[in-house]
Amino acid sequence: MAEDVRYCARCSYVFLKIALVVYSTVFWMIGSFIFAIGIYAEVERQRYKTLEGVFLAPAIMLIVLGLIMFVVSFIGVLASLRDNLTLLKVFMYALALCLMLELLGGILALMFRNQTLDILNQNVRKGMMNYYDDLDFKNIMDFVQRKFQCCGGLEYTDWTVNMYHNCSAPGPLACGVPYTCCNSKPNEVVNTLCGYKMLEKERFHISDIIYVRGCTDAVFIWLMDNYKTMAGLLLGIFIPQFFGVIVTWLYITRVEDAIVEYGVYQSNLIENAPQQTKKRGKVAKWYKCMPVID
C-alpha cells in the first residue's frame with residue numbers, strides 16, 4: 001500500500017491518527033476551559049453590572065471563543081477516533097475557514113487602518129460614557145491608561161463625554177479625568193483626585209501631571225515598536241491552525257486509501273467503494289473503526 005500513498009508517504013496512518021487525536025483533544029480541553037471561565041465571568045458580570053450592554057465585555061468574548069474552539073475541536077476528536085470522512089472534512093474546512101477569516105480581518109484592518117482607528121475611537125468613547133456603570137470596561141480602560149501611559153481614546157479631552165467628568169456636572173469629578181490618567185511615580189500613594197479640573201487647562205500646562213496622549217495612538221505605537229513580539233504572537237495563533245488543516249488533509253487521504261485497500265466502512269460512508277478486500281494488518285486491527293472484511 002505504501003507505493004499507492006498519494007501524499008507524504010512517510011506519515012503513516014497510525015502517526016497521523018495519534019497526532020490528530022492529540023491535537024483535537026488538547027484544543028478541546030483548552031476550549032472547554034476558556035468557555036467555563038467565560039461563563040463564570042459572565043455570571044459575575046450579571047450579578048454586579050448596572051448597564052444593559054455587552055460592549056467590550058471580556059466574558060462575552062471568552063464565551064464565544066471557547067464555544068467555537070469546543071465545538072470545532074470536539075468534531076475533530078470524534079472524526080479522528082471514528083475515521084468519519086464527513087466529520088473529518090467538516091473539521092478541516094472549519095479550521096481553514098477560521099484561519100482565512102483571521103487573515104482576511106488582519107489584512108483589511110491594515111489596509112483600512114485609518115477607518116479602523118476611527119471605529120475603535122468611536123467605540124472607546126461610547127464605553128467612556130458608561131465608564132462607572134460598566135465595571136468590565138472600567139477595568140480594561142484603567143489598565144490601558146496605566147500600562148500605556150495615556151488618557152482617553154483620541155486624547156484626554158474625550159473624558160468630557162462622561163456625565164461625571166463633563167464640566168457641567170456637579171461634584172468633584174466635574175471637568176476632571178480619572179486618577180489612572182495621572183503621571184504618578186512607582187510606589188507613590190495614589191491621589192484619586194489628581195485629575196481635578198484638568199479639562200479646563202491647556203495641554204502644555206498639565207503634561208507633567210496627567211498623560212495627554214490618547215490610548216488608541218499609544219497602543220498603536222506600542223504595537224509598531226514591538227512588532228517582533230506581535231509577529232511571534234500571530235505565528236503562535238496561525239501555525240497551530242495551519243498544522244491542523246495539513247494533518248487533517250493528510251489523514252483524510254490515508255483513510256480513503258485504507259478504504260480502497262481494505263474495503264468498505266461499516267457506516268457505508270462511500271457508497272461505491274470496491275467490494276474486494278484484503279486481509280488487515282496487525283496495526284489496523286487495533287482500531288475498530290478501520291474498514292472490515294465483508
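Note that the structure is predicted; figures quoted are calculated from it, not measured.
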Common cluster, [X]/[Y], ILVMFWY with side-chain heavy-atom separation under 4.5 Å:
X    : Y    : result
L117 : V144 : no
F243 : L235 : no
I68  : M100 : no
I221 : L120 : no
L78  : M29  : no

Can you find a pair of side-chain heavy atoms, one from [X] and one from [Y], that are under 4.5 Å apart?
X    : Y    : result
V245 : M92  : yes
L62  : F35  : no
L85  : E256 : yes
K89  : I252 : yes
V77  : V21  : no

Co-members of [X] in a cluster of I, L, V, M, F, W and Y side chains, linked at under 4.5 Å:
X    : answer
Y196 : none
L101 : L97
M111 : L104, I107, L108, F112

Q. Is there a donor-acceptor contact under 3.5 Å from the side chain of S73 to the main chain of F70?
A. no
Q) Among all residues two or more places apart in sequence or in another chain, which pass the side-chain hydrogen bond (donor to acceptor under 3.5 Å, both in side chains) test with N166? A) S168
Q | Non-neighbouring partners of M69 that pass side chain to side chain contact (heavy atoms under 4.5 Å, CB included), sequence neighbours left out | A | F27, I30, I34, L65
Q: Name all residues meeting the side chain to side chain contact (heavy atoms under 4.5 Å, CB included) criterion together with V71; count only those two or more places apart in sequence or in a different chain, and write none if there are none.
A: L67, I75
(Q) For the pair C181/C150, is the SG to SG distance below 2.5 Å? (A) no
Q | Cysteines C151 and C215 with SG distance under 2.5 Å | A | no
(Q) Considering only residues two or more places apart or on different chains, which pairs with a residue in residues 95-117 satisfy side-chain hydrogen bond (donor to acceptor under 3.5 Å, both in side chains)? (A) E102-Q241
(Q) Under the side-chain hydrogen bond (donor to acceptor under 3.5 Å, both in side chains) definition, can you give me all pairs with a residue in residues 207-226, not counting sequence neighbours? (A) N121-T216
(Q) Show, in sequence, the C-alpha distance, side-chain angles and deciding distance for N183 and I209, and conclude whether the side-chain contact (heavy atoms from CB on, under 4.5 Å) test is met. (A) CA-CA 5 Å; N183 188 3; I209 304 174; over 6 Å; no
Q.
Is it true that, when you exclude Y40 itself, more than 12 heavy atoms of the residues, nucleotides or ligands shown sit nearer than 6.0 Å to its OH?
A. no
Q) Which is it for Y23 and V247 under the side-chain contact (heavy atoms from CB on, under 4.5 Å) test, yes or no, and what are the steps along the way? A) CA-CA 9 Å; Y23 174 88; V247 170; over 6 Å; no
Q: State which residues pass salt bridge (charged side-chain N to carboxylate O under 4.0 Å, His left out) with D118; sequence neighbours excluded, sorted by chain then number.
A: none
Q: Could you tell me which residues satisfy salt bridge (charged side-chain N to carboxylate O under 4.0 Å, His left out) with R203, sequence neighbours excluded, listed by chain and number?
A: E155
Q.
Please list all pairs meeting ring-ring contact (aromatic ring centres under 6.0 Å, His included) that have one or both residues in residues 160-189, counting only residues at least two apart or in different chains.
A. Y132-Y164, Y132-H165, W159-H165
Q: Kindly state each residue pair satisfying ring-ring contact (aromatic ring centres under 6.0 Å, His included) with at least one member in residues 72-110, sequence neighbours excluded.
A: W28-F74
Q) Roughly how far, to the nearest 0.5 Å, is CG of L88 from OG of S80? A) 7.0 Å
